[in-house]
Amino acid sequence: MEFSIKSGSPEKQRSACIVVGVFEPRKLSSAAERLDAASKGYISDIVRRGDMEGKSGRTLLLHNVPGILADRVLLVGLGREKDFREREYREAVRAAVKTLDETGAFEGTIYLTEVALRRRDIAWRVRQAAMVSAETVYRFDAMKSKKDEVRRPLRKLTLMVERRNELPAAEKAMHEGEAVGSGVALARDLGNLPGNVCTPTYLAERAKTLASETGLECEVLERARCEELGMGSFLSVANGSRQPPKFIVFHHRGGRPDEKPVVLVGKGITFDTGGISLKPGEGMDEMKFDMCGAASVFGAFKAIAALKLPLNVVGLVPATENMPGGAATKPGDIVTTMSGQTVEILNTDAEGRLILCDALTYAERYNPAAVIDIATLTGACVIALGHVAAGLYSNSDPLAREVLAAGESAHDRAWHMPLWDDYQEQLKSNFADMANIGGRPAGSVTAACFLSRYAKKFDWAHLDIAGVAWKSGAAKGATGRPVPLLVQFLLGRAGA
Ligand code: BES
Ligand code: MN
Ligand code: ZN
């Protein structure tokens, strides 16, 4: 979808559809009032009759409104003015774009960006509008033999600002929102692909294509190279699989050559059966989403490349399947990680940490400014935080605050969880330096504790995205989270 920014009166816009807000109960926003004046009370008449009360997310499409240049007017409910917050704003944009996409209009002009929102400036409103719009028109039909045919899909949106002096900030925010939107779409596409298509080899190929399309650099370390590096833990997860593991490395060189990079690490389990500690059958199909951390790294790199972010960023994606088989790792097996520390694998289903620990050790070679890993790591995190917030763990409070603030600002939120040493004792092993599981209590915390043992040499944050990376049920599909958080974090680091 294409976006543009403009300023001007709604009655004077030549557009297939003008979108304006109505507060509850029946109170016109200022753009709606201007249309009402131009149409000599046409809008207020309809609202007075009770056809649009202003309830959040409701829409009413009007044709042939007199006195204006546009073909249609779409009224969008905003809820009560005193309760109008980020959530309601996003809901209004979503409802508007969904309706536009379903009508014959292939283009629209949105005045919702003009509605004031406490503590959120025009840049925020425009960025979010672009992101939410892209998210709303997203479709995944790559695997259907007949593509969903939308008669005239929505192609172009004009986002309106009230004052001309807001144009430069709004333009910049629009590009950011667009870039995040395309990163989110990429992450969703990769997440939604089935495990038989989206294999480690497939991810490596997509990484190379992404790099050649965007000017990123990409290397893929094959099994032999990983063996030389001593990635015994990563490779032990790949033992049961027919698919060769791949260790993907991205470079975005936007900063000075001597500037320390931010390193993003994404869990790339392209299918998690649990291995010999086999998962129960019900809902196991959703374990194709176990590479959503990796997908978020792809998405973030796509966005920062498009924005030419003045920052050095490295992306690391250890990719493998977790399968049972004659050669698979067994409970009780002990592996030596790249760090030299040994791990007793008491449960082969706790495989995410086993591939991430070697990636964290590999990250040391970049002398990173900060490392953030992103992983669908634990079912326990879903129990703790549900599908609203990602779990955030960090060995640096300033870094944690920075990540939390980025999530807040992108409306892609995380919640700070404890990483106290008291939890470390749950990882004790009688036979190796540590076990790979810490028992039932605080499962998300002990998983983070495990990773922290491989992140001693740099500032590190860990995002457990098990609850937020995809939706189950009727709307089953990848969400593309936390691409918005990651890009916002990097924008902040770049001082942009
Ligand atoms: N990929 C799963 C985590 C997961 C499970 C995410 C369900 C979303 C929904 C991970 O590899 C896993 O299996 N974790 C185990 C760890 C346990 C064996 C300590 C879990 O959470 O059950
Ligand atoms: Mn698992
Ligand atoms: Zn997993």
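Read the numbers this way: they start at 1 and go in the same order the structure lists the ligands and their atoms. Values below: all heavy atoms of this structure, side chains included; hydrogens, waters and symmetry mates excluded. Quick caveat, the model's predicted, so the values are computed rather than measured.
Under the 3.5 Å distance criterion, with hydrogens and angles disregarded, no donor-acceptor pair is assigned to the side chains of Thr337 and Asp358. Inspection of the Gln128 and Arg120 side chains reveals no N or O donor paired with an N or O acceptor under 3.5 Å. Using modelled atom types and a 3.5 Å distance limit, the side chains of Gln243 and Ser241 yield no donor-acceptor pair.
Here the side chain of Gln426 pairs a donor or acceptor atom with the backbone of Pro441 at under 3.5 angstrom. Judged by distance alone, the side chain of Arg125 and the main-chain N or O of Thr113 form a donor-acceptor pair under 3.5 Å.
Protein N/O/S atoms found under 2.8 Å from the Zn ion (ligand 3), listed by chain and residue number: Lys267 NZ, Asp272 OD2, Asp290 OD2, Glu351 OE2.
Closest protein heavy atom to atom 4 (C) of ligand 1: Gly379 N, 3.8 Å. Protein heavy atom in closest approach to atom 6 (C) of ligand 1: Ala466 CB, 3.6 Å. Nearest non-hydrogen protein atom to atom 2 (C) of ligand 1 is Asp272 OD2, 3.6 Å. The nearest heavy-atom contact from the protein to atom 18 (C) of ligand 1 is Asn347 ND2, 3.5 Å. Nearest protein heavy-atom neighbour of atom 10 (C) of ligand 1: Leu377 O, 3.3 Å.
By the 6.0 Å contact criterion, CZ on Arg365 is enclosed, its count of non-hydrogen atoms from other residues, nucleotides or ligands being greater than 12.
Checked against a 3.5 angstrom limit, the closest N/O atoms of Glu351 and ligand 1 fall inside it. Taking any N or O of Arg353, backbone or side chain, none lies under 3.5 Å from an N or O belonging to ligand 1. For a threshold of 3.5 Å applied to N or O pairs, the pair formed by Thr376 and ligand 1 contains at least one separation below that value. Remark: ligand 1 and Gly352 share no N or O pair separated by less than 3.5 Å (distance only, no angle test).
The shortest separation from a heavy atom of Trp470 to ligand 1 is under 4.0 Å, placing the residue in contact. For the pair Met287 and ligand 1, a heavy-atom separation below 4.0 Å is found.
Heavy atoms of Asn322 found under 4.0 angstrom from ligand 1: none, in either backbone or side chain. Heavy atoms of Met284 found under 4.0 angstrom from ligand 1: none, in either backbone or side chain. Within the 4.0 Å heavy-atom criterion, neither part of Glu286 lies near ligand 1. Residue contacts with ligand 1 for Ile437 involve side-chain atoms from C-beta outward but no N, CA, C or O (heavy atoms, distance under 4.0 Å).
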Apply salt bridge (Lys or Arg N to Asp or Glu O under 4.0 Å) to residues Lys98 and Asp101 and explain how you reach the verdict.
CA-CA 5 Å; Lys98 185 164 183 288; Asp101 204 21; over 6 Å; no
Steps toward salt bridge (Lys or Arg N to Asp or Glu O under 4.0 Å) verdict (Glu91, Arg87)
CA-CA 6 Å; Glu91 189 47 44; Arg87 225 177 105 91; over 6 Å; no
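Atoms of ligand 1 lying under 4.0 Å from at least one heavy atom of Lys279, given by number and element, are 12 (C), 13 (O). Distances below 4.0 Å separate heavy atoms of Lys267 from the following atoms of ligand 1: 1 (N), 10 (C), 11 (O).
At a threshold of 4.5 Å between non-hydrogen side-chain atoms, the residues Asn436 and Glu344 do not count as touching.
Looking at Glu351, its N, O or S atom nearest to the Mn ion (ligand 2) turns out to be OE1.
Taking both residues in full, the closest heavy atoms of Leu419 and Cys449 are given as CD1-N, 3.9 Å, listed atom of the first, atom of the second, then distance.
Taking only non-hydrogen atoms, the option from Asp290, Asp349, Asn436 nearest to atom 13 (O) of ligand 1 is Asp349.
Taking the centre and axis of the six-membered ring of Tyr202, the NZ or CZ atom of Arg206 falls outside the cone set by 45° and 6.0 Å.
When distances from atom 22 (O) of ligand 1 to the protein are checked, no heavy atom turns up under 4.0 Å.
Taking the six-membered ring for Trp and thresholds of 30 and 60 degrees, Tyr454 and Phe450 have ring planes inclined between 30 and 60 degrees apart. The aromatic rings of Trp470 and Phe289 sit parallel to each other, their planes meeting at less than 30°, with 60° as the upper class boundary.
Considering NZ of Lys288 and CZ of Phe271, their distance stands at 9.5 Å, rounded to 0.5 Å.
In summary, of the residues considered (His252, Arg253, His251), a side chain to side chain donor-acceptor pair (under 3.5 Å) with Glu217 occurs for Arg253 alone.
Asp272 lies close to the Mn ion (ligand 2), since one of its N, O or S atoms is found at a distance under 2.8 Å.
Between Asp285 and Lys476 there is a salt bridge, since a side-chain N of the basic residue sits under 4.0 Å from a carboxylate O of the acidic one.
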